[in-house]
Amino acid sequence: MILYSTNTPRHRVNLREAVMRGLAPDKGLYMPIDIPRLDQTFFDRIRSLPFDELAFEVSKVLIGDEIPDTALRSLVRKAVTFDAPLVKLKDHLFVQELFHGPTLAFKDFGARFMAQLMGHFVQQDGEKLYILVATSGDTGGAVASGFFQTPGIEVIILYPSGKVSGLQEKQLTTLGHNITALEVEGTFDDCQAMVKQAFVDEQINEKLRLTSANSINIARLIPQSFYYFRAWQQMKEHHAPLSICVPSGNFGNLTAGLLAQKMGLPIDHFIAATNSNDVVPAYLQNGIFHARKSIQTLSNAMDVGNPSNFVRMLELFGKNWQEMQNHISGYSFSDQETRAGIREVFHLFDYQIDPHGAVAYLAAKAFLKLHPSHQVVMLETAHPSKFPQIVEEESGLSVSIPPRLAVLAEKKKVAHLIPNRYEALQSFLMGIDS
């Protein structure tokens, strides 16, 4: 698998280097120079494949021969140990539950696969690796869980103070061992900017071998493509055009879906559902991308004002705005509308949905009004128990909290509070005894 930098296309690396670097030296994101298509025999057999075998075959075609089949199959089986079931709400509308992993969020797919992949590479070369990651909510917990006690890997997570839910914060601040949390007095965009600056800081990179577990790392996108295939596999009928509605923040999830589509998965259209941080829906409407400060909302994992993966989306469409507009519809909704969406889903379908899923539902509903012949699968990216107060207020019913989340309430938070200045992160990293 050969990849290039979005900033310097002539800069090319193999998968190992792309994964271990995370970000290219020129601050570009890595993209595969070629996206291979799955042959028809794969789709002829897909209904008989267990999820982990489906995931292996997809990753094998994408990655190629860089990892031996035996090693790749082993790491996929260790990563994909839970399902992504499809639930029918009504004719033409389905929800795919991506919260059945250990931290109850879709990012478990990416984090667990990445941990196995990086662990494979670290085991081969024996050099210690430091993972630096920014989170707006669920990424931090998934990365912490996925990499917990992985030999040879240390994880440092930056998150915005007061802007993640209580249980989300506990997921990334209570493990200890090789997991360190930095609580930043700023927004997610501030955290992400600090992480990106660290990757091009020569002084730090001379001292530490850094990489990222954010969706800027291509290793996150590969496994996130798996559940798009799993959704299609579970559809009983394929007589109508299939559209996927993706609650979007940093747009790694939607980009992974586009990769699946490029590999031959017959997805007709994508729906980008955002909260008030609507820079991509605005671009789809007028062709102008205007990054701005993120706005804090109820669907906090989507509070991103300058989504990193937008540059990958541009690459996939040859920087052609109208071509992207033909393939993706964008919608945005306020917190008030999000609350109404939670109420409506519970009232109509007796189904509790989290704020991110509610945004997806509203976008799917709006899209179906214009395209009633489509089948829409909306992604539910987090378990409602991660946002109990909001969901209980709007559904009128208590949320059942799975035991693996409930136990965190009694655990002690351990985090280092740092100001919103790059120098604070730089000082912390330079103080690490490598």
Side-chain angles (χ1 to χ4, degrees), residues 29 93-96 98 106-107 136-138 188 215 220-221 224-225 227-228 231 241-262 265 267-292 294-295 297-317 319-335 337-338 341 353-371 374-382:
L29 302 190
L93 182 61
F94 303 80
V95 57
Q96 187 178 23
L98 303 181
F106 80 99
K107 293 177 182 180
S136 58
D138 289 324
F188 167 74
S215 58
R220 272 276 300 276
L221 269 60
Q224 286 179 223
S225 71
Y227 44 75
Y228 288 93
L242 174 62
S243 295
I244 308 287
C245 185
V246 188
S248 302
N250 223 6
F251 279 82
N253 204 355
L254 196 149
T255 304
L258 292 170
L259 284 176
Q261 185 187 51
K262 291 281 187 181
L265 187 65
I267 299 172
D268 185 78
H269 200 77
F270 285 93
I271 306 161
T274 73
N275 53 31
S276 298
N277 297 280
D278 61 349
V279 294
V280 172
Y283 170 82
L284 291 169
Q285 190 171 51
N286 57 34
I288 299 170
F289 182 79
H290 179 63
R292 59 173 183 262
S294 59
I295 301 166
T297 73
L298 299 176
S299 47
N300 64 292
M302 296 153 61
D303 292 350
V304 183
N306 188 16
S308 292
N309 282 283
F310 181 69
V311 297
R312 283 189 170 121
M313 294 167 63
L314 289 175
E315 292 292 311
L316 289 168
F317 291 104
K319 299 182 173 65
N320 186 318
W321 160 57
Q322 288 181 317
E323 187 69 13
M324 189 187 295
Q325 191 183 50
N326 289 337
H327 286 80
I328 306 172
S329 297
Y331 297 88
S332 65
F333 301 94
S334 67
D335 278 354
E337 290 170 314
T338 300
I353 200 163
D354 93 301
H356 306 77
V359 171
Y361 167 73
L362 293 168
K365 178 183 173 183
F367 179 82
L368 280 169
K369 282 185 178 179
L370 299 175
H371 307 275
H374 281 232
Q375 295 188 98
V376 176
V377 172
M378 48 183 257
L379 305 186
E380 169 65 319
T381 54

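- Classification of the His269-His374 ring pair by plane angle, with boundaries at 30° and 60°, yields perpendicular.
- What you find for Ser215 and Asn250 is that their closest heavy atoms are OG-ND2, 3.7 Å.
- Considering only heavy atoms from C-beta on, Tyr331 stays 4.5 Å or farther from Leu362 through its side chain.
- The shortest non-hydrogen separation linking Glu380 to Asp354 is OE1-OD1, 2.5 Å.
- A centroid separation of 6.0 Å or more is found between the aromatic rings of His327 and Phe270.
- Within the 4.5 Å cutoff, side-chain heavy atoms of Pro307 are placed close to those of Val279.
- Taking the side chain as every heavy atom from C-beta outward, Thr381 and Lys107 never approach each other to under 4.5 Å.
- Judged by distance alone, the side chains of Ser294 and Asn277 never bring a donor and an acceptor atom under 3.5 Å apart.
- Using a 30° and 60° split on the angle between ring planes, Phe289 and Tyr283 fall in the perpendicular class, above 60°.
- Rounded to the nearest 0.5 Å, atoms CG (Asn253) and CZ (Arg220) are 8.5 Å apart.
- The minimum heavy-atom distance linking Ala272 with Pro281 is given by the pair O-CG, 4.5 Å.
- Considering all non-hydrogen atoms of both residues, Ser329 and Leu284 come closest at C-CD1, 4.0 Å.
- Scanning both residues, Ala360 and Pro247, for their nearest heavy atoms gives CB-CD, 3.8 Å.
- When every heavy atom of Ile295 is checked against every heavy atom of Ser276, the shortest pair comes out as CD1-O, 3.9 Å.
- You'll find the side chain of Tyr361 stays beyond 4.5 Å of the side chain of Val95, heavy atoms only.
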The test is side-chain contact (heavy atoms from CB on, under 4.5 Å); show your working for Leu316 and Gln261 and say whether it passes. CA-CA 11 Å; Leu316 289 168; Gln261 185 187 51; over 6 Å; no
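- Considering CD1 of Ile267 and CG of Leu242, their distance stands at 6.0 Å, rounded to 0.5 Å.
- Interatomic distance, OG1 of Thr338 versus CE of Met302, reported as 7.5 Å (0.5 Å rounding).
- At least one side-chain heavy atom of Met313 sits under 4.5 Å from a side-chain heavy atom of Ile328.
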Test side-chain contact (heavy atoms from CB on, under 4.5 Å) applied to Phe94 and Met378, step by step: CA-CA 6 Å; Phe94 303 80; Met378 48 183 257; over 6 Å; no
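- At most 12 non-hydrogen atoms from other residues, nucleotides or ligands lie less than 6.0 angstrom from CD of Gln285.
- The distance from the CG atom of Leu254 to the OG atom of Ser248 is 5.0 Å, given to the nearest 0.5 Å.
- The closest side-chain heavy-atom distance from Phe251 to Val280 is below 4.5 Å.
- In this structure, Glu323 contributes its side chain and Asn320 its backbone to no donor-acceptor pair below 3.5 Å.
- Of the inter-residue distances, the one linking Leu29 atom CG with Ser308 atom OG reads 6.0 Å to the nearest 0.5 angstrom.
- Looking at Gln224, its side chain never comes within 3.5 Å of a backbone N or O of Gly257 through a donor-acceptor pair.
- Looking only at atom types and distance, the side chain of Asn275 has a donor-acceptor partner in the side chain of Asp303 under 3.5 Å away.
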Would you check, one step at a time, whether the test side-chain contact (heavy atoms from CB on, under 4.5 Å) holds for Leu258 with Phe317? CA-CA 10 Å; Leu258 292 170; Phe317 291 104; 3.9 Å; yes
side-chain contact (heavy atoms from CB on, under 4.5 Å) between Phe367 and Cys245: does it pass, once the steps are laid out? CA-CA 9 Å; Phe367 179 82; Cys245 185; over 6 Å; no
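- Evaluated for a side chain to side chain contact (heavy atoms under 4.5 Å, CB included) with Ile244, the options Asp268, Leu379, Ile271 yield exactly one hit, Leu379.
- In this structure, the side chains of Gln375 and Leu93 stay at 4.5 Å or more apart for every pair of heavy atoms.
- The structure places NE2 of His356 at 6.5 Å from OG1 of Thr297, a figure rounded to the nearest 0.5 Å.
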